[in-house]
Each structure stands twice: as structure tokens, then as C-alpha cells.
Amino acid sequence: MIKVKDLHFKYPRNESNTINGIDFEIKEGEIFGFLGPSGAGKSTTQKILMKLLREYKGEIEYRGKPLASYGDEFYQDIGVSFEMPISFSKLTALENLEFFKNLYKNTVDVEPLLKQVGLWDDRDKKAGEYSKGMKIRLNFVRALLNDPKFLCLDEPTNGIDPANARIMKDMIRDFRNKGGTVFLTSHIMSDMDELCDRVAFIADGKLREMDSPRNLKIKYGKRSVKVEYRENGELLTQEFSMAEIKTPVFCDLLRDKEIETLHSGETTLEEIFIKVTGVALRA
Amino acid sequence: MPRLTVLVKGEFDRLNKYNLFSANFVVLLFWVLLSWFLEGEVLRTFLPVIFLMDSVMMTVLLVGATLFYEKKEHTINSIMISPVTENEYLLSKIIVNVLNSMITVLFISVAVYIIKGVTYNYLVLVPAVMIVTVVHTLIGIRFSYSAKDFTSLLVNFIVYAFLFLMPSVFAALGIISAEVARYLILLPPEASSILISAGFQDVELMKILFGYGYLAVLALLIYRYAVKPKFNEYLMKETGV
Ligand SMILES: Nc1ncnc2c1ncn2[C@@H]1O[C@H](COP(=O)(O)OP(=O)(O)O)[C@@H](O)[C@H]1O
Ligand SMILES: [Mg+2]
């Protein structure tokens, strides 16, 4: 869907590059994520892919043609939500959506979407009176207005309560399951772990690692099992490597001792991120 | 509905919701009130000033205010990731302001006819107000690019008005010789003033033709070299919200 080769970008007034030579590909029908701390260059990359920042170096192809060769019809099939929720504050939520909706050829009915994100009852409230979380959900609906094929979401779940974040994540997955492609960015590890088919680690404008969350965990995880058990009233722990769990020592332990807990030594994406980049996700 | 129509309709909708229409209307009422107290020749000299002020100053301020809100609320980014082109967007601003100026012409003309029975050459006035509004919409957009906030836009405008109106005032006071004053038509507000005054008094045909030609070329040049190329840069410029 999108191929990026050796992308560099510098903001006109900055001295150094914000994006320092990144390569990646977003395949049709996948959820591809950029995970990285604040200031890493996630939003900048999103704006470049959305043709808003045009003075980049490197190659970007969308559906096999250079991104720059597309005119404004490019946006017919694309849904975007920015990091900062955007709306006309003095228009109601519905008026906001109606205005944007009329700018597209293909559109969807907003009622089911607003109901899904729990905003239908507040549809006639001015967007300026919405809470931050409501504004974010309204922007998500805005991104879906034109029945897009490609969704580009910048920090979609940041600043939203867990219940609504869950609804949004389900909607993003549904979108993918119906054949849509998603590029999303976040600094929230658990969201990326749950949602992404593939995730790239970004720090200081460079990509450090890219794979499915599962493969990353296998590659960097400890791959061990830790057993806590009681013997003569005393709590003991023993750790086994994946090879060792096939041995009688492990099986005997499970059979003979009073086991309290059994943990696989799976490492979280966050720990892997720190290990790979040397940077913490949250400052 | 064509996209341009959607943009124009949306813009009017917002002028209304953001109370910019009401602000504009208060100014119109003020003009009507002033006309009430003026008579005969004084009124006839004052009317072109109203239309000049409206199509120059109100246009710049209205453009500034709408762009300021769009920047502050980042809605311009949301418009730009839709199929709307830069040309459509900029053109919609021009159309909206021309329509607004037409509303002013209609409102004031009807009002002064009713209260004073005054008429003038509407067929000459309308195109003049149109072209003046087009030029000043573009100037307003260009000012907004470099303005940090609405106040700095106001300052820019006052500097512009001062620089370009002073020579005309000097000429009127006889400080500038008639010889030099002939060239003042090269100042946009002076050219605007000449075209609009043609609706109320006789103006040399050459001056009118030159004025239209000059403002048309000026509008194209501003659009092509001062507004269009910097649009994307303006779009991406983060203003302190
Ligand atoms: N408009 C801008 N002008 C100059 N520098 C910017 C601008 N926007 C972002 N930056 C800088 O670029 C870097 C990356 O920012 P960003 O892409 O927003 O990171 P992220 O989205 O990963 O938090 C930061 O150092 C930021 O200060
Ligand atoms: Mg960001």
C-alpha cells in the first residue's frame, strides 16, 4: 500500500533532521504501528504520508506510484485523525460531520458510527463543549466519514477512558478485518501490542526494529518459566529455560510440589523497546 | 453539491455561528446611523467612503478573523486532508467576501434610499466593490500568513492603511504636487477609491480603465506569488494555541 525508502525530513527552522533515513512498508490489510516516545517523529511521519509536509528527501510510493504524483483526489480514500482533536468549536458535532462529509464523493451514514462511539445523544452539543475524550471520539468518526480504504491515526487512544478506548480498538480491528489498512502511532505500549499486526520502534527519527509484537517477544523475551512452590512451609522459586521444561526435573517438580504460581518469562513490548533503543517510552 | 459550493456555504454558516456576521452587521448599522445625520453633498461624499471602508477594511478583518479561527482550531488541517484543493479553498474565501460586500452594498443602498431618497450609479459601483474586495481578500490572506494572532493582523493592517493612504491625504492637503498625485493611483487603496467614487461622480474613463486593469493584474500577482506559494508553509506553521 505504502512503501517508504530512505526518508529524511527537516523542519525549515530546525538545525537537524527530525526523520533520519527510515524505510518501511505498510501492506494492504494490515495494522502497522509506530511505537516511540514523544518527540520521536511519529506525527511528523504521519504528516509526510498525508502530503502535508512536502519537502522530504527519499521515496514514498502509494499503490505503486510516487506519493507526490497524487493530487487532492488522494484524500477520497483516506481517513485521518490527528494527534490533537480538531473541530469547529461553535458548530455542533453533527454540523461538523455534515460539513466534512459534503466534501467527499463516497460517504457513510454517521448515525451508527456516533452510536458506536457513544456520542449520538450529544450530537447536537457544540463541539467546543465536548470533553477531550469526546472530541477524540468525534475525530475518529470524522476519519471514517468517507468510507476510507486507508486509515492514518495519530495517538488514537491517548486521553480517552479505558472503556471507550476498548470500543475504538475494536472498531479499528473491524476496519482491518473488512480489508482496510491502518497506520497508527502511539506511545502506549499495550495498545500497540493488542492492535498491530506489525510494529516499528521509532526513536530519534530512526527505526530500530520492526516485526509482529509476537515475533519481537520471541526474539527478545526471556523464554523461560518461573515456578514458585512451597516446601516445608517455605516459598521457593526455580526458573527453567524452554529446553529444560522437557526434562524430568521440571515435570517432577510440577507433580510433587505444591505449586503456587507459574509464570512464563514473557517480556513486554515496553521492556523490549527499552532494550532495543535504550530510550524509555515515557519520560 | 460541488465542493466549492460546500465550502462557501460552510463559510457563511461559520460567519454566522462565530458571530462575525453580527459584528459586521453592527458596523453596517453604524454607517446607516451616520448617514442619517448627513445631508446632500456631504452625504454624497461620505457614501463612497463607506463602501471603500467596507470592501477594504472589513474584508481584511473578516478574512483575518476566519483564518485566525481556522488556525486556532486547526480545522484548516482537517480541510486540507479532504479532497479540497488549495485553489478551491482560496477561491471560496474570495467568493464569500465578494458576496458579503454585495450584501453591504444592497443594505446601505436600500437604507439611504429609504431614509434620504439618495440614489447613485449602482451598475458602476457593484463591479468596483467586487474587484476591490477580491484584491483585499488576497491581501488579508497574505497578512494572516505572517500574523501571530489577531492583534498583529490588526497592526499589519493599520501599517498598510497608513503607508498607502497617507500620500492620498497629503495630496488632498496640497502637500504633494498635482504632478506627483497623478501617480497615486498605483497605491491599491487609492485605485480602489477612484473606482468606487465613479459610482457617485464623473471620473475620467482612462482612470477607470487603468484602475480595473491595475487591480486585476495586482490580484493575479498577489495570488500567484504571495498567496499560493506560501499556503502550505502557512498551513504547517504551528501558531501558539
Ligand atoms: N512544526 C514544527 N517545527 C519545528 N519542529 C517541529 C515541528 N513539529 C515537530 N517538531 C519537532 O520534531 C520532533 C518530532 O516531533 P513529532 O513528530 O511531533 O514527534 P512525536 O509525534 O513522535 O511525539 C520533535 O523534536 C519536535 O520538537
Ligand atoms: Mg505525536
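The sequence lines fix the lettering, A, B, ..., with proteins before strands; numbering per chain opens at 1.
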Roughly how far, to the nearest 0.5 Å, is [atom2] of [Y] from [atom1] of [X]?
X	Y	atom1	atom2	value
B/His74	A/Glu83	NE2	CD	11.0 Å
B/Thr75	A/Phe100	OG1	CZ	6.0 Å
B/Leu7	A/Leu103	CG	CG	5.5 Å
A/Ile86	B/Glu70	CD1	CD	11.5 Å
B/Lys17	A/Glu95	NZ	CD	3.5 Å
B/Arg14	A/Lys90	CZ	NZ	13.0 Å

TODO: May I ask you to say whether A/Glu73 pairs ionically with B/Arg3, meaning some side-chain N is under 4.0 Å from a carboxylate O?
DONE: yes
- [ ] Would you mind checking if A/Arg13 and B/Glu233 are paired as a salt bridge, meaning a charged N to carboxylate O distance below 4.0 Å?
- [x] no
Heavy atoms of other groups near [X] [atom1], more than 12 under 6.0 Å:
X	atom1	answer
B/Glu86	CD	yes
B/Phe30	CZ	no
A/Tyr70	OH	yes
A/Asn17	CG	yes
B/Lys228	NZ	yes
A/Lys5	NZ	no
B/Tyr225	OH	no
B/Lys230	NZ	no

Open item on the list: For the interface with chain B, which of A/Leu145, A/Leu91, A/Asn96 has the highest count of heavy-atom pairs at distances below 4.5 Å?
Closed with: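 Top count of heavy-atom pairs under 4.5 Å with chain B: A/Leu91.
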TODO: For each of A/Lys105, A/Glu98, A/Arg54, A/Lys126, tally heavy-atom pairs with chain B at distances under 4.5 Å, and name the one with the top tally.
DONE: A/Arg54
Segment of [X] engaging chain B (4.5 angstrom heavy-atom cut-off):
X	result
A/Ser81	neither
A/Phe82	side chain
A/Phe99	both

Open item on the list: Testing the basics here: between B/Val84 and A/Asp72, what is the closest heavy-atom pair and its distance to 0.1 Å?
Closed with: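 Taking B/Val84 first and A/Asp72 second, the nearest heavy atoms are O-OD1, 3.2 Å.
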TODO: Return the minimal non-hydrogen interatomic distance between B/Ile81 and A/Met50, and the atom names on each side.
DONE: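 What the structure gives for the nearest pair is CG2-CB, 4.4 Å.
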TODO: Name the member of B/Glu88, B/Met80, B/Met1, B/Lys9 that forms the most heavy-atom pairs with chain A at distances under 4.5 Å.
DONE: B/Met80
Open item on the list: Quick check: do A/Tyr104 and B/Ser82 have side-chain heavy atoms less than 4.5 Å from each other?
Closed with: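 SC-SC contact between A/Tyr104 and B/Ser82 confirmed.
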Task: Side chain proximity check, B/Ser78 to A/Arg142, heavy atoms < 4.5 angstrom - done: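 With C-beta onward as the side chain, the pair touches.
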- [ ] Could you tell me whether the side chain of B/Tyr18 and the main chain of A/Ser89 form a donor-acceptor pair under 3.5 Å?
- [x] yes
